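To start, the structure itself, in structure tokens.
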Amino acid sequence: MPKAYDHHEAEEQLYEWWESRGYFKPETQARLGQTRADAEPFVISMPPPNVTGALHVGHALTNSVEDMLIRYNRMLGKPTLWVPGTDHAGIATQNVVERKLDEQGTSRHALGRAAFVSTVWDWKDEYHTRISAQQKRMGISCDWSRERFTLDDGLSEAVLEAFIRLYNDGLIYRGNYLVNWCPRCGSAISDLEVEYEEVEGKLYTFRYPLAEGGYIEVSTTRPETILGDSAVAVHPDDPRYTALIGKTALVPMLNREIPVIADPYVDPEFGTGALKVTPGHDPNDYEIGKRHHLPMINIMNNDATLNEEAGDYAGFDRFEARRKLWADMQDAGLVVGEKAHAHQVGHCQRCNTVVEPLLREQWWMRTKELAAPAIEAVRTGAIEIIPKRFERTYFHWMENIRDWCISRQLWWGHRIPIWYGPDGHAFAARSESDAQEQAIAHYGESVHLEQDPDVLDTWFSSGLWPYSTLGWPEATEDLETFYPTTVLETGYDILFFWVARMVMLGMRFTGEVPFRKVYLHGLVRVEDGRKMSKSLGNALDPLDLIRDYGADAMRFSLLTAGTPGNDLKLSPARIEANRNFANKIWNAARFVILNLEDADLDVTRGPDPFDDSYQLPPLAELTLADRWILARLQAVSAEATRLIDNWQIGEAGRQLYEFVWNEFCDWYIEAAKVSLYEGTPAAAQSTRHVLAYVLENSLRLLHPFMPFVTEAIWQNLPQLPSADRALIISRWPQPTGQEDSQAVEDFTRIQEIVHGVRNVRAEYGVEPAKRIPVAIAGAEFSATLTAQLPLLASLARLDAQSTTIETDLAAPEKSVTVTTAGISVYLPLAGLVDLAAERARLQKELDNLNNMLARSRGLLDNEGFVNKAPANVIERERAKIEELVEKEQQLRVRIQEI
RNA sequence: GGGCGAAUAGCUCAGUUGGUUAGAGCACCUCGCUUACACCGAGGGGGUCAGGGGUUCGAGUCCCUUUUCGCCCACCA
């Protein structure tokens with residue numbers, strides 16, 4: 001094994017090996033006897049990345065969390081399936097390809113529909129390949145044989161089935177309503193795809209001329225919409241305007257006659273208290289228009305130029321028209337003024353163009369009926385959202401849900417399976433010939449049919465993902481075995497877009513929840529807290545990170561950087577630290593393996609072929625350190641398991657880090673050297689077993705977090721796992737429940753002494769290499785200390801030969817004292833000791849001690865505490881006082897002596 | 001206008017049924033190339049846990065409130 005862990009060498013090779021052995025497939029698990037017959041399968045549907053481009057760190061986070069969960073559950077012996085796939089991402093992908101065409105001086109319209117779609121498929125192939133390669137570099141253990149794409153045949157079949165069922169059930173309908181229109185995309189978009197940003201705009205105030213003379217002052221933020229006005233509205237109780245209700249106003253520049261109406265929607269306090277009503281271009285006005293049966297005038301073309309309804313302004317872009325109309329109104333003496341006005345303006349999520357509300361015929365999904373069971377599922381706990389607070393957000397959205405505009409005027413996506421007859425009659429069908437059959441039945445003869453040119457919102461197909469990927473609508477074995485899935489893991493930013501829709505559609509089509517848990521992670525941000533984005537140039541590329549630090553380091557960083565549902569910041573420094581951690585594990589393993597080489601370790605494995613974990617043989621001569629690390633391993637593995645089961649994945653990782661680095665490496669390995677090099681052969685052999693055992697278990701515990709380095713080490717372990725046993729399919733350590741509090745207590749005492757001596761040595765500038773004699777008054781611990789003298793001597797660099805340990809002994813002259821409860825360690829540092837300074841040092845310690853003592857005594861003197869605190873807390877406080885008192889006396893005596 | 005989150009060491013963050021003297025990484029200071037590791041080891045400095053109030057024997061943790069920052073939802077022209 002080389003001195004430093006080289007992730008380049010290990011990672012790609014291991015991944016290929018895992019995959020070639022079929023370890024990512026539940027069938028392999030079953031064939032190898034790795035699953036319990038009665039175990040519930042553990043299933044995750046991977047959120048399919050968009051085929052728009054390369055993966056970013058957000059995907060790396062998703063992958064890290066899901067792979068962690070998958071590997072953990074695989075190690076628990078559950079049949080484990082992770083279904084990968086990609087999303088065609090309708091509007092987003094169409095846009096990137098259109099941008100590319102634009103750079104090449106052409107356009108989708110020049111190509112035509114068929115050629116354009118074929119170009120997008122080429123793009124898809126290229127990026128799909130790239131994405132899969134990236135995912136493999138991250139080490140994700142998903143079942144590639146089950147990989148799906150939202151536009152592949154099976155999923156398209158699912159989309160047809162879903163659409164037709166909903167259509168036949170009356171849950172999909174067509175209608176001419178106000179939609180969010182993106183003039184650049186040339187398509188309607190759903191409410192969710194509109195992003196509102198505060199814009200520094202203007203509030204324009206002008207005079208609305210009345211037919212009988214005079215005028216009403218009205219304000220607007222979008223003067224061009226004046227051309228589409230159908231009324232002027234005032235509040236029915238507004239005394240300023242009651243006389244005008246029922247009069248006729250004239251649309252500026254057009255002189256079209258419109259009524260002055262009364263509607264309670266108008267806020268008399270805002271602006272002039274009179275409102276221009278444009279039902280064709282504003283959602284509120286649309287409602288008013290419906291109430292008053294006003295004409296719905298559409299003044300805009302699909303590209304946001306004005307149409308013939310706009311009179312002389314036809315042909316102008318909406319913003320040009322705004323300027324021009326306003327200037328003309330100014331000339332006509334209609335302008336009162338304009339002032340700065342910040343307001344929310346909707347922008348297209350995909351291209352950031354200002355969205356225009358306008359009337360267009362679209363397909364809609366009736367959602368209220370679908371939402372009810374989806375709300376119920378979370379309410380009853382059939383689905384649990386983690387963290388819980390997002391359930392509130394979910395309920396709020398679901399309870400106020402509005403119908404979903406599902407048609408898009410795009411070419412890339414699932415074409416709407418509707419064919420129209422010559423009279424416009426619609427037939428929902430799986431194919432043109434099916435439609436024709438229906439047409440013949442309807443018309444009594446074969447007719448010319450036109451398929452609806454639009455495609456479905458991309459979220460329609462991903463909304464079916466958990467079961468469409470398992471074969472639905474066919475009753476496949478996969479569907480039977482692996483549905484409902486277990487966990488849906490994704491970022492909280494797509495709770496509505498995706499999660500909510502999956503629940504609604506899943507319950508509708510399968511009658512079951514699509515997943516039992518929803519685990520939401522936060523968004524990855526850059527160190528300064530800004531969003532990571534390509535355009536800002538601050539995005540970290542996962543492949544760069546993997547190249548520089550290794551996939552393990554990146555994954556561990558992502559997993560331990562934050563907490564569920566909260567955004568996390570990622571810095572290269574942190575990843576570097578975790579690269580170092582991988583190296584630390586590697587070197588700890590190197591030490592263990594080096595020391596096992598010549599030893600004939602008789603390793604026994606569990607009798608159950610299902611669990612081939614290392615069975616520690618009965619060991620006669622376990623050292624104190626051996627017992628301590630075994631107790632700590634036990635405690636940490638129980639705690640890590642508990643944390644993971646409570647979704648505290650990051651905390652579990654951090655605890656394992658601390659254990660491996662601070663306890664196993666910094667203390668145990670150092671202690672083991674004493675046993676290995678100076679102990680009896682039996683003790684040395686015991687220590688070898690313990691080293692191997694703790695290493696092996698640490699690798700198991702860390703594997704879901706750092707799969708590569710742990711497997712790389714595992715494959716280097718001599719005589720440990722049998723050659724065909726990979727760590728990836730080994731068992732998660734089962735807590736033994738065995739504690740050894742005596743060992744923990746005794747070893748902690750040793751640590752305290754070592755720490756104290758090292759501190760004094762550093763403070764007094766004792767040469768690091770110099771071995772110094774000490775005198776120890778060890779009270780009732782003398783026997784233990786005597787037994788552990790070689791350990792103490794090694795860790796604190798004591799001169800064991802010249803060290804004396806007695807129950808009680810007088811401090812040598814000119815010595816420095818290290819105290820721990822009951823034990824005084826005297827370091828006769830002749831020539832270095834300044835007694836005055838030593839007295840001051842000890843006095844400081846004593847003062848500190850007295851503070852703590854006062855606090856503890858205060859607690860125990862408090863009746864409330866003694867009566868109400870739990871027994872173990874009181875007991876702990878009592879024990880602490882005992883120790884403090886002992887230490888306090890030792891210190892006081894010593895100070896007096898000096 | 002509602003809702004949510006964050007505020008803890010110079011920086012980035014942990015600290016989940018309230019209970020030892022509040023932790024880690026990075027940065028900083030002092031030592032040290034001791035046969036696993038300088039991608040390292042040993043020692044050290046650094047925090048009135050945003051402010052105020054409350055509940056409690058006990059609050060970083062629970063409640064109220066204020067301030068600052070961020071996010072989500074919402075039809076005010």
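Worth saying up front: this structure is predicted, and the values here are computed from it rather than measured. Residue numbers begin at 1 in each chain, while the letters A, B, ... track the order of the sequences.
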Heavy-atom count check: over 12 atoms from other residues, nucleotides or ligands less than 6.0 Å from A:His341 NE2? yes

Could you tell me how far [M] sits from [N] if I compare only their [atom1] atoms? Round to whole Å.
| N | M | atom1 | result |
| --- | --- | --- | --- |
| B:U66 | B:C29 | P | 44 Å |
| B:A14 | B:U55 | P | 31 Å |
| B:U61 | B:C49 | P | 10 Å |
| B:G44 | B:G23 | P | 13 Å |
| B:C62 | B:U16 | P | 9 Å |
| B:C26 | B:A7 | P | 22 Å |
| B:U48 | B:G43 | P | 25 Å |
| B:C13 | B:A9 | P | 11 Å |

What's the [atom1]-[atom2] distance between [X] and [N], to the nearest Å?
| X | N | atom1 | atom2 | result |
| --- | --- | --- | --- | --- |
| A:Glu752 | B:G43 | CD | P | 13 Å |
| A:Asn862 | B:G58 | CG | P | 7 Å |
| A:Leu643 | B:A14 | CG | P | 15 Å |
| A:Ile288 | B:C75 | CD1 | P | 14 Å |
| A:Glu651 | B:G25 | CD | P | 14 Å |
| A:Glu198 | B:C76 | CD | C1' | 14 Å |
| A:Phe581 | B:C26 | CZ | C1' | 16 Å |
| A:Phe659 | B:A14 | CZ | P | 24 Å |

Between [X] and [N], is there a side-chain N or O to OP1/OP2 distance below 4.0 Å?
| X | N | answer |
| --- | --- | --- |
| A:Thr563 | B:A14 | yes |
| A:Tyr677 | B:A36 | yes |
| A:Lys3 | B:C37 | yes |
| A:Arg402 | B:C75 | yes |

Fill in the dot-bracket string of RNA chain B, one character per base: . for unpaired, | for a pair to another strand, ( ) or [ ] for pairs within the strand, taking Watson-Crick or G-U pairs under 3.5 Å. (((((((..((((.....[...)))).(((((.......))))).....(((((..]....))))))))))))....

Sidechain-backbone polar pair: A:Asp267 side chain, A:Glu269 backbone, donor-acceptor under 3.5 Å: yes

Could you tell me whether [X] and [Y] make a salt bridge, using a distance below 4.0 angstrom between a side-chain N and a carboxylate O?
| X | Y | result |
| --- | --- | --- |
| A:Lys880 | A:Glu877 | yes |
| A:Arg222 | A:Glu356 | yes |
| A:Arg579 | A:Glu576 | yes |

Contact class for [X] vs. all strands (heavy atom < 4.0 Å): base, sugar-phosphate, or nothing?
| X | answer |
| --- | --- |
| A:Trp661 | sugar-phosphate |
| A:Pro283 | nothing |
| A:Lys673 | base |
| A:Ala561 | sugar-phosphate |
| A:Tyr286 | nothing |
| A:Asp666 | sugar-phosphate |

Return the orientation label for the A:Trp326 and A:Phe206 ring planes: parallel under 30°, perpendicular over 60°, tilted otherwise. perpendicular

If the plane angle is over 60° it's perpendicular, under 30° parallel, otherwise tilted; pick one for A:Tyr657 and A:Phe581. tilted

Distance-only side-chain donor-acceptor flag, A:Thr748 / A:Glu745, under 3.5 Å: no

Would you check if there is a donor-acceptor pair between the side chains of A:Ser571 and A:Lys569 at a distance under 3.5 Å? no

Closest to side chain of [X], choosing from [options]:
| X | options | result |
| --- | --- | --- |
| A:Asn583 | B:G32, B:C37, B:G43 | B:C37 |
| A:Phe591 | B:A36, B:C72, B:C13 | B:A36 |
| A:Thr221 | B:A36, B:A77, B:C13 | B:A77 |

Side-chain touch A:Leu846/A:Glu888, heavy atoms, less than 4.5 angstrom: yes

State, yes or no, whether a side-chain contact exists between A:Ile772 and A:Arg761 at a heavy-atom distance under 4.5 Å. yes

Measure all distances between protein nitrogen or oxygen atoms and nitrogen or oxygen atoms of nucleotides 19-23 of chain B, and list the pairs falling under 3.5 Å.
residue	atom	partner	partner atom	Å
B:G19	O2'	A:Arg876	NH1	2.8
B:U20	O3'	A:Lys880	NZ	2.9
B:U20	O2'	A:Lys880	NZ	2.8
B:U21	OP1	A:Arg855	NE	3.0
B:U21	OP1	A:Arg855	NH1	2.2
B:U21	OP1	A:Arg855	NH2	3.3
B:U21	OP1	A:Lys880	NZ	3.1
B:U21	OP2	A:Arg855	NE	3.3
B:U21	OP2	A:Arg855	NH1	3.4
B:U21	OP2	A:Arg855	NH2	2.6

Pairs under 3.5 Å (N/O, protein and nucleotides 1-10 of chain B):
residue	atom	partner	partner atom	Å
B:G3	O3'	A:Arg392	NH2	3.3

N/O-N/O pairs, protein side and nucleotides 44-47 of chain B side, under 3.5 Å:
residue	atom	partner	partner atom	Å
B:G44	OP1	A:Asn759	ND2	3.1

For A:Asp567, what residues pass the side chain to side chain donor-acceptor pair (under 3.5 Å) criterion, not counting sequence neighbours? A:Tyr492, A:Arg525

Under 3.5 Å donor-acceptor pair, A:Lys584 side-chain atoms to B:C37 base atoms: yes

So does A:Glu670 reach the base of B:A36 with its side chain, donor to acceptor, closer than 3.5 Å? yes

Listed by chain and number, what are the side chain to side chain contact (heavy atoms under 4.5 Å, CB included) partners of A:Arg841, not counting sequence neighbours? A:Val760, A:Glu763, A:Tyr764, A:Val816, A:Glu838, A:Glu845

By the definition ring pair (Phe, Tyr, Trp, His ring centres under 6.0 Å), identify the one residue from A:Trp404, A:Trp397, A:Phe395, A:Tyr394 that meets it with A:Phe496. A:Trp397

